[in-house]
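Here the structure is laid out as C-alpha cells; the discussion comes afterwards.
Just so it is clear, the structure is predicted and the values come from calculations on it, not from any experiment. In what follows, every chain begins at residue 1, and chains take the letters A, B, ... in the order their sequences are listed.
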Amino acid sequence: MIFVFLLVLLMLIAAIAASIFKDLISAVIAAALVSLIAAILFYLLQAPDVAMAEAAIGAALVTVVFIIAIRRTKRFEE
Amino acid sequence: MRRIISILLLGIIALGITLSLAKIPFGTPKTKVGRYYIDKGVEETGATNIVTSVVVNYRAFDTLGEVTVLFIAAIGLGAVLTTGRRKKPERKIEPASLVLYTGCRFLFPLILLFGAYIFVHGHLTPGGGFQGGAIVASAFVLTYLGCRERRISERGSKLAESLGGLIFVIVGLVGLAVGGYFLMNFLPKGIPNFLFSAGIIPILYIVIGVKVGSELAGIIDNLIEESE
C-alpha cells in the first residue's frame, strides 16, 4: 500500500515538474514518467492490457513524437 | 487576475468530479453486462483473455471503427507532411555511436519478436493487436535512433496497412455470408488455452497488430523525414 502511495506521490511530482520545467526535453521526460507510473498503477489494479498500451504508447511513442517536434522548434521556453 | 480565475475554475471542476465520483464505491461492478462477460466469455468465444473476447468478438465492430480512426489519422498526417516535399538529394547521415548501433542491431529483432508474440497470443495472455502493434512500432523507433541509414520501405508499410484492413473486412463479410451477421465467429472455437482456438479472434488480432504497427511506424517515419 505504501508502495502505491509513493508511486502516486512520484507521479504528482513528475506531473508538476512537467508543467514548470523551462527545458522542454526535461518536461517531456517528466511527462513520460507520469505515463510510466500510470502503467505500473494500471498493472497493480489488475488491468495488464491497459498497462501495456499505456507503457508502449504513452511512455514511448508519444515521447518520441514530442522530441521530434521540439527538435524542429525551440528547446527552451522563455 | 486571470490566474486566480483559472485556479478557481479548476477548483470547481475538481470539486464537481470529486462529488460525482464520491458516491460510486471503488472496484465494485456497476453493470450487469460485465458479469456476463466474465461468466460466459470463455465458453462463448473460446478466448481466455476476456478483454480480447470483448474487443474482438462482442465489440468487434467498434474495433473496426477504432482501426479506421487510426488509419484516417495516419493518412491525414501523411497528407499534411508530404505535400510539396521534393525528392531530396542523399544527405550524409551522421552515424550513431558504436554502443547504440550494436545495441540497436541486437535488440531490434527481439523487440519485434516480443511485439509479434503479444499480438499472436492476444486471446490467451494480456495484450493484443494494439499493444503488440505499438511495441512493433517502438522497435522501428529504435532503428531510427541506432541504425540511421536504415529506413522502412514506404510501400511495404502501406501494403501491410492496406492488407490488414482488407483482411479484417473480408473476415467480417465471410461471417455475414455464413452466419448472417457481420464479424460472426464462424471458425471452430477449439479448446480454450490453445494457440489455435477462439475462431477468428487470433486472425483479427494478427491483422490489427500488423496494421497498427505499420501505421504507427509510418507516422514516426513521416515525422522524422520531415524533421531532417
Flag if over 12 foreign heavy atoms under 6.0 Å of CD1, B/Ile4: no

Per-residue contact mode, B/Leu145 against chain A (heavy atom under 4.5 angstrom): neither

Short side-chain donor-acceptor distance under 3.5 Å, B/Tyr58 and B/Glu44: yes

Options A/Leu61, A/Val50, A/Ile57, A/Val65, ranked by heavy-atom pairs under 4.5 Å with chain B, top entry: A/Leu61

Centroid-centroid distance, B/Phe108 to B/Phe140, less than 6.0 Å: yes

Backbone N/O of A/Lys22 and side chain of A/Ser26: donor-acceptor pair under 3.5 Å: no

Largest heavy-atom contact set with chain A, pairs under 4.5 Å, which of B/Ile135, B/Ile219, B/Asn49: B/Asn49

